[in-house]
Structures are given as C-alpha cells and as structure tokens.
Peer 1: 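Have a look at this one.
Worth saying up front: this structure is predicted, and the values here are computed from it rather than measured.
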Amino acid sequence: MTTTVPAPAGTGAPGRATIAARTLRTDRWWVQPAITVGVLVAFIVYSTIRAFENANYYVEPYISPFYSPCITTACQGDTFPKLFSGPSFLTPALYILIVPLGFRLTCYYYRKAYYRSFWLSPPACAVAEPRAGYSGETRFPLVFQNVHRYFFLLGLVFNAILTYDAVLSFRDHEGRWGHMGLGTLVLLANATLLWLYSLSCHSCRHIVGGRLNNFSRHPMRYRFWTLVSKLNARHMQFAWVSLFGVALTDLYVRLLATGTITDLRFF
Amino acid sequence: MTYDAKLRVWRGDADGGELRDFTVEANDGEVVLDVIHRLQATQAGDLAVRWNCKAGKCGSCSAEINGRPRLMCLTRMSTFAEDDVITVTPMRTFPVIRDLVTDVSYNYEKAAQIPAFTPQPRDADGNHRMQQVDVERPQEFRKCIECFLCQDVCHVVRDHEDNKKVFAGPRFLMRLAELDMHPLDNLDRRKVSQENFGVGMCNITKCCSEVCPEGIHITDNAIIPLKERVVDRKYDPITWLGAKIGRRPHS
Amino acid sequence: MAELERHHYDVVVIGAGGAGLRAAIEAQASGARVAVVCKSLLGKAHTVMAEGGIAAAMANVYPEDNWQVHFRDTMRGGKMLNHWRMAQLHAQEAPDRVRELEDWGALFDRTPAGLISQRDFGGHRYARLAHVGDRTGLELIRTLQQRVVALGIDVFMECTVTRLMTGPDGITGAFGYWRESGRFISWQAPSVVLATGGIGKSYKVTSNSWEYTGDGHSLALQAGATLVNMEFVQFHPTGMVWPPSVRGILVTESVRGDGGVLKNSEGTRFMFDYIPEYFRKETADTIEEADRWYDDKRNNRRPPELLPRDEVARAINSEVKAGRGTEHGGVYLDIASRRSKEYILKRLPSMYHQFMELAEVDITAEPMEVGPTCHYVMGGVEVDPDTAAAKIPGLYAAGEVAGGMHGSNRLGGNSLSDLLVFGRRAGASAAAYAQAHPVTAAQLDDDAVAEAGKAALAPFEREGGENPYTIQHDLQQTMNDLVGIIRTEPEMREALDRIEELKKRVANLSVEGHRQYNPGWHLALDLPHMLKVSECIAKAALERQESRGGHTRDDFPGPTPEWGALNVICSEHDGSISLLRQPLPQMPEDLATLFEETPA
Ligand SMILES: Cc1cc2nc3c(=O)[nH]c(=O)nc-3n(C[C@H](O)[C@H](O)[C@H](O)COP(=O)(O)OP(=O)(O)OC[C@H]3O[C@@H](n4cnc5c(N)ncnc54)[C@H](O)[C@@H]3O)c2cc1C
Ligand code: SF4
Ligand code: SF4
Ligand code: FES
Ligand code: FES
C-alpha cells in the first residue's frame, strides 16, 4: 500500500524531510474514494442504459425524471409542450440530460468527489497524487467549472418542471384530478430532494446574499443567506440522496411501465 | 496509569534523515507533545521541536502523526492503543530544518504579498460602526492560529513544489476572502486572487478543512465564496455588466 | 568573529508580542529604521494566548465609564502601589489604542449600536473589556502582525538576544543567535526596546510558555538598568489542574465574568466567606444579589467571584488547604448549571475546545476543576512613565517586562491595553532618541561581542556535565514550593540557598549535539536569566515585610502603611543582586481626590 513513487516534484522535493513512503497514514484511507467510484460508476451505467433505452419512461400519470421535460414530438409524456422533432436515433432524454449532468458535473461537491476518487488528485488527504503536473481549475477545460451558476439557474427551471410533473401525478390514469398513488409520493419526494440539493448549492448561497459584505443593510437577503447556509452545510448529503432519488424514481416508473409491479393507489 | 509508548520519530536535517524508534514513558491524560518533551528531556536533548502554548492556541507544534497533519499538543495519547507505534514526522510540504522543525517561510512570504487592509474613514465621532452580523463571517477566518497544517496538507503544493510560486495556499486564500468580505475594506481583491494567488489552482478537495484544528470551514466558507466572487468579476458577463452600469455595487 | 552577521538599525525591538509590535509600528511611523527580534515565529508570542479582552474605558456599554473610573479601579486593584502616572496614561489612552486597531483590520465583537462590545472582568467597575469571543489576544497580535508586515518592518524570527551592548553613553546594540543555525548576529543601534514579556517559566505550575524565561528583566539588569517590585507575581486563580500534563494552563476569567461560579467539594460558593474589608462596599454579600448583578449592574454589587485575582487565588488556596478541594486538588468552576449550552458556546468557544480536547470535559455539562497558576509578573524594568525609558540611555521597556504600571496586582484585561499604550510610547521615544543619537555614533565594542559569543558556546565546550532540563526542573520546583502564593522567611532563605546551588550547576552543565536548532543548548542559555530573575523575586519578597496584592507573607499578614509607600528596587553589580527601598512617587492632588470616598 505504501508503495514508493519517486516523486521529486512533491514530498520528495529537495530540502524536504527524506521519507520514501507516499503516505504514512495507517488508516484505510482508500475506502472512501473506492466507495465513491463504485456508486458513481453504477449510476452512470444505469443512467446511460436508461437514456438510450427510449422506452418505459412514461406511464400515466407518471414520467421518469430522466425524460422530463419531454420536449420532442417523439416523447410519450404529456407533461410538457412538444417543441420539435429530432432525428429518431436521439432519444428525448439525450436532449435534456445535459442540464442535470452539467449541473452535477460542475457542482462543487461532486467536483471534490470525482477529483479525489477518479483523478486521485489527491486520493485522500496527505496521500501523494500520482501525477507530476497539476494546474487545478485554471486552464481549459477545467476553467469551465466556473459556469456552475448558469447550470444552477437552469437546474432551477428543471426543478420547477419536475415539481409540475409531481403535481400532475395527482391525477388518475385517465387524467382526472384528485387522485394519488405511491408514485405520486415518489415524484414528490424526488422533486423535494432536488430542491434541497439546488437550494443548498454554493452558487445559490453566493447569489442570495454571499456576495454582500454588509448584511445588516440587506436584512431580507441576510435571512435567505442564513437559510441557504444552513442547507449548504449538508450539501454533500443532499447531493447523494437526490442522486439516489432520481435513479430510484426512474426505476419505479420503469417497473410500472414494464408491468413488473403495479402502482399502489391511495384514492 | 503509566506505560511505555512506542514512538517512531523522524530525525535529521536538510541533508537527510530517517525514522528512528524510541520507547518513552507515557502517563494518563498526556498528549503527543508531552511524550516528545519527555523524549527530549531524557533521551534526545537536542531533538528539535517547536511549541509555545501547549493548548492549541499558538499553532507552533504542527507535525504529522501517523501520516496525518496535526497539532502535537492536541493529539491525545489515548487516541492510540498502547502497543501502537506512533510515527511523528515534520510537515512534509516545507523544507526541513531539523527533526520536527520545518522552514515555513513560504507562508510568511505569501502573507507579505497580500494587498493590505484598506479601510474606509471613521465616522465623524471617531468610531467605526459595524454590526455583529457583518463581522461574523470574517471573524471565523480570524480564528486562524497560523499552524499552517492546511498549507501542509494541500496537495497543490504538497505534491507539486513548482506550484508554490503561483499558489498562496488555503490559509492565504482565506485571508483574501476575509479581506474581501471585511465590512470596512475598500479594495477589490478578486482579480489578484485569481491572477496572483491562484485561487483557480484549488480543486476544492477540502483536505484543508479536514485538518484545520480550529475547525474553520476553509473551503466552504472562504475558498468557494472567493471563487464565486472571482466568477462575478471575471467569468460572469451578466454580473460584470450589472456592476459596470452600477446596478450591483460590490458591497 | 568571522561568522558574525552584522546589522545597523535606529531601533531594535526585542520581542514580537503586543508591546514589541506596537512599539515597532510607532517607531517606524516616527521615521526610524526598525528591526523586530523574537524567539518564536512571528505571531506566536505570548500575547496570542490572551483570552478575555482589552480593558479600555470606551463607555460603549456603560456611558458612566471614563478614564477616571478605570484609573481608580487599576490603582485599587494594585493596592495603590502602581506608578500613578502610568496608571493615568494607561486609562486615558487605552480607548484610542483600541480604536486604532480597527483601522488596521481588527474585528471585535459588536454592541447593538455597532460599536465595540465590552465585557465584565474582575476588579473593573463597568463592563470594559473589548473582546473577540475568548481569543482577544489572537486578534490583537494578528492585527499588529499584519500591520507590521504591511509596513515592511524587518523581523528576525527565531532569533534570541543574549546580551545588550553598551558603551559609555548608553546602549550601542544587541547580540544574539539564530535558533535555526546557531549562528551569531549583532545589531548596532542607539535605541533598544525591551518587550520580552514575563518570567513564569521559573515556576512549575504556570500558564506561561518556554519563552517566559525573564530574558528582558535579566538583560536590563546586566546593562545596568533597574527592576522594580519583583516580589509581585500574579497567580491566576483559575488554571487547569487535571490531567497533570496540562496543569497550569489558563482558564480565562471570562468564565466568571459570564456567570461561572466557584464551589468547593461541599458545593458551597465559598467566595462569600473571603470578601476582604477593602472591597466589602462594592461586593455582593448574598447569592441573590450576586446573581442579579449579571442582568442589573446598576442596582446590585459584583459577585465575590469577580474580586481581584490575588484575593480569589488566596481563597482557593485556603479552601484546598482546609480539605475542601476536589479530587485533583482544585475547586470547581461551574458555568454548566448556570448558563445555556448555546450561550457558553458563543461566549467561550476556545474554553469549550480546550477542555474538550485536553481534559475530555464538556464544560456545558460538567464543572471544571481549577486551581491557581503562575501567570504574570507585575514587577519589571523601572521606566519613566511618559517615555518608557529605563535607567540606561537608549534602553526602553514596555509590556509585561516593564514594571510599575500594575502595582502589586494586575487587573485582568489591563495587560493588553498596557502593551498598546506603552508599546506605542516606547516606540516613539526610542525613535526620537535614535534621531538625536545616530546609529554611527553607537559603535559596538568588538571585544564585548567576541566575549558574548564565547559565553554562548561555553556549554558545548564542557563534557559530561549535567543536562539543562534537570536544572530547569529543579528551579521550577524550588520557586513553586518556596516562593509561591504564600511565602515565609525560612522558605525564601532556603530558596535563595538553592538558587546559589543551581547557579553552580548551570556553570557546569553541558549540552549534546551541535548548534543547529538545538533546544538543549537554547535552554542552557536561558537558564542564567531564569536564575537571576528568580533571585530578584526571592530577595525582593524577603525584603517586603507585609502582604499586599501578589505578595502574601504568612509571617506578615496584611499590608502596612510604611510598606505601602515603598518600592523595592533590584540592581546588579558585579554579578550580584542588591536591593534598595525607594519611596513611591507622589500622586498629585487632583488624582488623589478620586480615592476619597473609599480611603485606601
Ligand atoms: C493564557 C494567558 C491569558 C491571558 N489573558 C489576558 C487577557 O485576557 N487580558 C490581558 O490584558 N492580558 C492577558 N494575559 C497577559 C498578557 O497576555 C501578557 O501579559 C502580554 O501578552 C505580554 O505581552 P508582551 O508584548 O509584553 O510580551 P509577549 O507577547 O510575551 O512577547 C514576548 C516576546 O519577546 C520575545 N523574546 C523574549 N525573550 C527574547 C530574547 N531573549 N530574544 C528575542 N526575543 C525575545 C518573545 O519571543 C516574544 O516575541 C494573558 C496571559 C496568558 C499567559
Ligand atoms: S480545498 Fe483547495 S486549498 Fe484546500 S486543500 Fe484542497 S486544493 Fe488545497
Ligand atoms: S486555517 Fe486552520 S489549518 Fe490553516 S493555518 Fe489557520 S488554523 Fe491552521
Ligand atoms: S450544486 Fe453543488 S455546489 Fe452548486
Ligand atoms: S503548542 Fe501552541 S498549538 Fe500546540
């Protein structure tokens, strides 16, 4: 485990204490990044399959979050106006996934998670990273991480749409209002988690008040900032839970659509 | 309760050195620094180590214990089993002077480069007025005891000696954030944060926050907000435009 | 000496605590070229540990407060032995010195009106301590440090001064060594400001760090200056007592200012039994009144827990002696049962942290165990109040190393303000003196420099001698046991005998290793300072045949009017310490009237 990498650029640089080990940590520091890789890979595989499956994403009145907003004429859902019809090899999901994908890819928390676990930069604190050169987020392409706030704003639009989807799920399969099933709860929970994830975003915290230096002159924005700061402290948890939320919601819709299970209707 | 603790301490200087094994008495309630002092008083009179307050207030006794950057005076012996070997080395990001003492001048150099506090004039009665809510955010950063453990753990410089030229490290990015958020400060430090102090080098992997003995949320409360402020200034055309036409003063 | 590094400055400031940094800033502002020298890294000096606050009558919380009240509190706290002029300047100038820190970036806690908030402390009539939570010293030193850096003042860190250099006309400079390399260095300078702090490391149980070896006191003596009132050593009532390795570490007085009370093992708030006549009029005598005081200070008197430190320390000492101490020989300091968890965490975050990390005690749930710890030396270099000049031309002293300001007992919070007020004055006078006596005139004597170098290397020449750590340990035990809180003549005589013994042992000790960052060698060079200062304390304490403030004699209980008019002055001649009784300076009429309501 404590393999010696000759790293003259780092802890082996001239003048520093001569210690060959890459790290002297005695705990199992590699567990955390390993779990992160496992979970993220599983999600990527699942979501890729689903994005290309192009089926089983809509069953009255529920739509999978992977396919909403449903913007092409080819899309089965009725929750969004059909805007255009693209080539048939592109599934409706592929047009829209860029937004949640971009949002999460540029998210400050996910950045931490994948820089550590995929890039090993660093794999864990005080464990030397394998690469010799490093320029952080100063150059192309990583400098584009700075657009995160735009993805945040787009993400809000998507949250509104998914919330609308959840509202629409208070219908029965014939479109009559005033009904509810387990799926409704699933969609509601998903939308709630997405809101929590978005509102706890660091860019959000900055926009609502973080950029001010005199809170006392802006009492309302200070209140918002305080609230978002509280949520922000749990951003990591919301990031994971909402990720599971999306996947499980989709899975639920798929299971309904394929007839594997039937929706539990309350009224 | 007294037992014989097994210590492995790095001894040497800039020309080289090695981990050496010692057996030192340890008593109830002691911290690693106590045991290092006993080692110094009984077996190795010339063992070099920095310390002052013995209470986690001055940030002198920084070292790496079992590979983790820590204050020796706040690391209780009771966190280890009696038969554990406790490895103590100097911080591995800075040049070593001798034994556990490193040359931390990198930090003092960076501190000197930061544009100084530039206050607004006082009110007519000679006071500065600020509300508690306005001072609280920068106050968190002023808890810093300059132990430089965050600078030590940050992979940007720990693993890349060259980056020391272009990167100020978490402690001083936090100082820039502190000044930028200071209710009385009149200088805009956003551009220099990016161009001279390398806030873009930080990939927000949060090791600095993990090791900070003061529990300062360096990444979440200082560096990320600083990055966002830099975006306002450098990468966000809308906010930039807003500021230009005076709708969004940098206040 | 070929390897000697030489520098020329107008002003050399020895010490980078609050006093030293403030002096350097002022000297630079007055146009002098300044060097700051310190034993630790910049920003690590003792000042960083101060917790409670800076006393200054800013009247932000109590409009009734003004410099006269502060002056009166300070003099009464010092049992009227303070130099009246120092106490006056201190009380008058402290508010401006605090405000100035805000121009340099300090961020104090605020009042609802947006002004600097002020908190209660022992001996102060009104809430008066400007503070930042319980880390005020950190804020102070960081602010000054950042100012010094911004001004580009040269700082020699981890560099120890071992000698002051003098010529026929006074100071010519200083000599020392780099801790890192062991190489020698000299500064030629017409003015030197001593700001080296205190002496607490000569005691076993102390809140002070390794730096507090009394270097400045000893350097001043050796250069021919005098020390005043060295018998007054402050034992802070509340130091940690458990676990043994942290014994002595300070528990800030703010715990009591914010509602904490002292109890013995029987659960009694014993301080009510120890209210001295002198403070009876202003101290609550029932628990009810004391508890009301926290919310209504105008109509109630202060709780006895907030009596001056010497009173509280003696009371704790008596309780423990009477068998009513805790398991580990202290008393209980309880805030957990009196204040909410949120309040404690907000007001005393570092205390919470300190007890959690070091003693595994949650102060929001359990009481702390505390006992007296050696904390501060009131005595120090005898200086002129207005200029901070010592008795040797070109030598100045400010901060804890200077004497006179605090009389026989210092009030909490009065040290940080002292550093600022007299640091500034010392810096200005040192710069002015340098202007009148240019650096070229102050030639270093080459022989004396060579001699200083030889003396510093002597411990390496000897072989098979004793280890310096053992000698230091024996000295600390001696001072703790024999010249501690309660003193008697036979014990002090024994202490002086032992100090003579220790001197011989120091002359024969030897150190291992080489000159590069060698703590054993560093300690060997500090030991003579510690011994000299300890000797002064013991001799002065033997001389003063009364009990007053930080000096309590079992054989002479209570103060006497004769001794109340006398200072004890120490000076050194041919290596031996001699004493002089010197009448106190006369306070002018207009100030004396401030004390008429309650005669001293
Ligand atoms: C735990 C604690 C809490 C305290 N709380 C308070 C409080 O709340 N309010 C208050 O008013 N006071 C408080 N005090 C007291 C106050 O902090 C000190 O008296 C004060 O900080 C002393 O400052 P100074 O500038 O004189 O010296 P220091 O800050 O101690 O600085 C001394 C400097 O001199 C240098 N030095 C010493 N010898 C040499 C040498 N030979 N060569 C070169 N450099 C040398 C040292 O390296 C250091 O830089 C507290 C003290 C302690 C220990
Ligand atoms: S979060 Fe940034 S500054 Fe902190 S350790 Fe990681 S890379 Fe360094
Ligand atoms: S931010 Fe924390 S870790 Fe970094 S120097 Fe300050 S106290 Fe140490
Ligand atoms: S969504 Fe994670 S920081 Fe914005
Ligand atoms: S000795 Fe001061 S922080 Fe450890």
Peer 1: Apply the salt bridge (charged side-chain N to carboxylate O under 4.0 Å, His left out) test between Asp180(B) and each candidate in Lys227(B), Arg229(B), Arg190(B), Arg175(B); give the one that qualifies.
Peer 2: Arg229(B)
Peer 1: Taking the six-membered ring of Tyr114(A) as reference, does the NZ or CZ atom of Arg104(A) fall below 6.0 Å from its centre and within a 45° cone about the axis?
Peer 2: no
Peer 1: Which one wins on heavy-atom pair count under 4.5 Å against chain B: Arg149(A), His235(A), Glu137(A), Gln145(A)?
Peer 2: Arg149(A)
Peer 1: Counting heavy-atom pairs under 4.5 Å with chain A, which one of Lys234(B), Arg137(B), Met181(B) comes out on top?
Peer 2: Arg137(B)
Peer 1: Quick one: of Tyr108(A), Trp119(A), Tyr115(A), who has the most non-hydrogen atom pairs under 4.5 Å with chain B?
Peer 2: Tyr108(A)
Peer 1: For chain A, which candidate among Arg68(B), Met130(B), Arg92(B) shows the most heavy-atom pairs at distances under 4.5 Å?
Peer 2: Arg92(B)
Peer 1: So which part of Pro183(B) gets closer than 4.5 Å to some heavy atom of chain A, the side chain, the backbone, both or neither?
Peer 2: both
Peer 1: Check each atom of Val143(A) against the heavy atoms of chain B and say whether the ones under 4.5 Å are side chain, backbone, both or neither.
Peer 2: side chain
Peer 1: Do Ser203(A) and Glu228(B) meet the criterion of a side-chain donor-acceptor pair at a distance under 3.5 Å?
Peer 2: yes
Peer 1: So, Ser62(B) side chain and Leu149(B) main chain: donor-acceptor pair closer than 3.5 Å or not?
Peer 2: no
Peer 1: Are any side-chain N or O atoms of Asn107(B) and backbone N or O atoms of Val104(B), one a donor and one an acceptor, separated by less than 3.5 Å?
Peer 2: yes
Peer 1: Counting only heavy atoms closer than 4.5 Å, note whether Tyr109(A) contacts chain B via side chain, backbone, both or neither.
Peer 2: neither
Peer 1: Which answer fits Thr226(A), side chain, backbone, both or neither, if we ask what part of it has an atom under 4.5 Å from a heavy atom of chain B?
Peer 2: neither
Peer 1: I need the residue from Thr87(B), Asp220(B), Leu19(B) with the largest number of non-hydrogen atom pairs under 4.5 Å to chain A.
Peer 2: Asp220(B)
Peer 1: May I ask you to name which of Pro225(B), Cys154(B), Gly198(B), Pro95(B) has the most heavy-atom pairs under 4.5 Å with chain A?
Peer 2: Pro95(B)
Peer 1: Centre-to-centre under 6.0 Å for Tyr222(A) and Phe215(A), is that the case here?
Peer 2: yes
Peer 1: Using non-hydrogen atoms only, which part of Arg139(A) is less than 4.5 Å away from chain B: side chain, backbone, both, or neither?
Peer 2: neither
Peer 1: Under a 4.5 Å heavy-atom cut-off, does chain A meet the side chain of Thr89(B), its backbone, both or neither?
Peer 2: side chain
Peer 1: Does a donor on one side chain and an acceptor on the other come within less than 3.5 Å for Asn221(B) and Arg205(A)?
Peer 2: yes
Peer 1: Who wins among Gln131(B), His217(B), Lys206(B) for the most heavy-atom pairs under 4.5 Å with chain A?
Peer 2: Lys206(B)
Peer 1: If we ignore angles and hydrogens, is there a donor and acceptor under 3.5 Å between the side chains of Asn159(A) and Ser198(A)?
Peer 2: yes
Peer 1: Between chain B and each of Ser216(A), Gly136(A), Ala113(A), count heavy-atom pairs under 4.5 Å; write down the option with the most.
Peer 2: Ser216(A)
Peer 1: Give the member of Val96(B), Asn203(B), Asp236(B), Ile204(B) that has the highest number of heavy-atom pairs under 4.5 Å with chain A.
Peer 2: Asn203(B)
Peer 1: Should Arg116(A) and Glu210(B) count as an ion pair when the cut-off is N to O under 4.0 Å?
Peer 2: yes
Peer 1: Quick one: CG on Asp84(B) to CE on Met77(B), what's the gap to the nearest 0.5 Å?
Peer 2: 9.0 Å
